[in-house]
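First comes the structure, then the notes that go with it.
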Protein chains: 2
Amino acid sequence: MAVTIRDVARACGVHVSTVSRTFSAPHMVNAETRTRVLSAAEELGYRPNRAARSLTTGRTGNLGLIVADLANPFFPPLIKAAQAAARARDYHLFVADTDEDPAKEEELVLAFSKQVDGVVLCSPRASNKALEKLVGTIPSVLVNRRLRGVTTVLMDVARGARTAMEHLAGLGHRRVALVAGPAGSWTSGEIRKAVADVPGLDTVVIGPNAPTEEGGTAVAAQVAAAGVTGVLAYNDLVAIGLIEGLDELGVSVPGDVSVIGIDDSITGRLYRPKLTTVAMPTADAGRMAVDLLITSMSAATLLETHLVVRETTAPPKGIP
Amino acid sequence: MAVTIRDVARACGVHVSTVSRTFSAPHMVNAETRTRVLSAAEELGYRPNRAARSLTTGRTGNLGLIVADLANPFFPPLIKAAQAAARARDYHLFVADTDEDPAKEEELVLAFSKQVDGVVLCSPRASNKALEKLVGTIPSVLVNRRLRGVTTVLMDVARGARTAMEHLAGLGHRRVALVAGPAGSWTSGEIRKAVADVPGLDTVVIGPNAPTEEGGTAVAAQVAAAGVTGVLAYNDLVAIGLIEGLDELGVSVPGDVSVIGIDDSITGRLYRPKLTTVAMPTADAGRMAVDLLITSMSAATLLETHLVVRETTAPPKGIP
DNA sequence: CTGAAAGCGCTAACAA
DNA sequence: TTGTTAGCGCTTTCAG
């Protein structure tokens, strides 16, 4: 059995409450006693049991962060920023991955419940109803998902998507495709709405699709057959998968068709040709989500996005 | 306050222990009583408090996984496999990131302590002494790090690195470089030793370096000046950073110099030219680490690696 | 400033 | 099969 507060108390002839106080309210204990307790604790290798502490205080000092897919390069910067923000306020952040499965989402929130003081749900896929139930059980903030009465950090992907389409239009494209994301995704919905009526652009929607490289590759033929010269993809991964698929079909990017991703992930930045993409403020979102959670502030924040033009977009063929 | 076992007990006129049993040992309670308890619990929205439970049982049902850098594409497949393995045995896995900082490593283990039943430490950077202290406080398994008496999952990177160098030699290269990884890394040490004496190859070691894209870019000039025609990099990220840096310098890959990465990460797979690399059994490692942790088996496992030849390696210039 | 005592939510003997 | 009774390790009144 590990060494407990009682062992320390015994070791320096003092009562447990005094030991407890030396750790949770040091100023309330005599300086000399404090050093004695501290050194005894040190010597015995005493570590406060946070689970036990949380039982009385109701606080755990932990936060949870739930993402759909750790392997999606969109998330790591968000997670790292969230982690830094949590640390800065003396919290620990535990991360879990739902594998894009709404059921696991629920399960994980339940698992976190009582072991964390709050949870950040990133791009949750659950239905509104299920989500409502979840956020009722524990302080939560949502990232890229809107829900009545729940603190939210949103990225202005609508504007970014629109700018991306306008970029295409400006290049001379007339008929373009939107390769949409998964059905439950707020982001995908926003994008759809935002690009529905860009002046001068005829937009065909393809999807829903998995938010992965495979999702993009899978629709390459469909895109090639759609008679479009430009594409906005749900995210960088989908864009890259699409480019790979197009390549197999002998369609070159940006020679034959221009492709724009969304996220500005490291993967897109390193890809060749370097991916034109909509930069998402992921780090800001991670930081803000944690800050809002800790300060229990209720707010709806909209973070800006911007277009990063790189090498996968060009004027349509035939237009110099 | 949340609804407790006591509320449920009161609600259906039964004692707390009965409610407790309904959840932890359902077969020990009358079928009819059980349904009554269950429906009352459901209705009240009762959720067992796992922290409280762990206080008496000594078990939490959670595992911790600590990685150096979530943003390194090496880790996500490992994490996902670990997560799946944990789920399969009815555990939850919480992930944390140390930002390559040994001090945070220690802090995180302590934070996990008592909130998880064991932890998987992936490529820890701590000193042997610090690590020894850590693994003493909680059941642990190490991935890619060797420590006397501690359960370990290792990847045979030595063999992979050697094969990579032999591939270079076979292509006709004579003078090559190893762009090494960080100082505290077991993997980097293994690689260094493994490539020290490949027949027919003259190897210059450059490093230690950060295990990131920047780490690779930073030594591009040095590599270009080293008079080598082939390079083995510490990982895919370093390889890619190096290629980018070389490119800036007007050195083409694989035209002027061949580059091999290690990991076989998605990033390398998607890069152009497609990266020749040493595939690491990351998913296997994640799965095994969790299984070993749960079964409390003590073992040292060595997982195989293999070379994946793609497009960044070619014979040295002048050799057809 | 420190000790005594109650209790956080739950489980685990032990009885009944 | 169910109730009773102790705690798990810690914090937090309340006295002293």
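The structure displayed is predicted, hence computed values, not measured ones. A note on names: the letters A, B, ... follow the listed sequences, proteins ahead of strands, and every chain is numbered from 1.
- For R47(B), no side-chain nitrogen or oxygen approaches OP1 or OP2 of dG9(C) to under 4.0 Å.
- Looking at heavy-atom distances under 4.0 Å, R21(B) makes contact with a base.
- Taking CG of L110(B) as the start and CD of Q115(B) as the end, the distance is 11.0 Å to the nearest 0.5 Å.
- Each of dC10(D), dT11(C), dC8(C) was ranked by its minimum atom distance to the side chain of I5(B); first place goes to dT11(C).
- L121(B) pairs with exactly one of V143(B), L131(B), L108(B) by the side-chain contact (heavy atoms from CB on, under 4.5 Å) rule, that one being L131(B).
- OP1 or OP2 of dC10(C) has not a single side-chain nitrogen or oxygen of T56(B) nearer than 4.0 Å.
- Residue V19(A) is classed as having no contact, given no heavy-atom separation below 4.0 Å to the nucleic acid.
- Mapping L55(B) and R34(B) onto DNA chain D by nearest heavy atom places R34(B) at the nucleotide closer to the 5' end.
- For R50(A) and dG9(D), the shortest distance from a side-chain N or O to OP1 or OP2 is not below 4.0 Å.
- Within the structure, a side-chain polar atom (N or O) of T18(B) is placed less than 4.0 Å from OP1 or OP2 of dG3(D).
- Ion pairing between E105(B) and R125(B) fails under the 4.0 Å rule for side-chain N and carboxylate O.
- With hydrogens and angles ignored, the 3.5 Å screen pairs no side-chain donor or acceptor of D284(B) with any backbone N or O of P281(B).
- The residue S20(B) sits close to a base: some heavy atom pair falls under 4.0 Å.
- Note on T57(B): only backbone sugar-phosphate atoms sit closer than 4.0 angstrom, heavy atoms only; bases stay farther off.
- Considering only the side chain of A52(A), dG9(D) comes nearest among dT4(D), dT2(C), dG9(D).
- As judged by a 4.0 angstrom heavy-atom cut-off over every strand, F23(A) is placed among residues making no nucleic acid contact.
- Residue T33(B) is classed as a sugar-phosphate contact, given heavy-atom separations below 4.0 Å to backbone atoms only.
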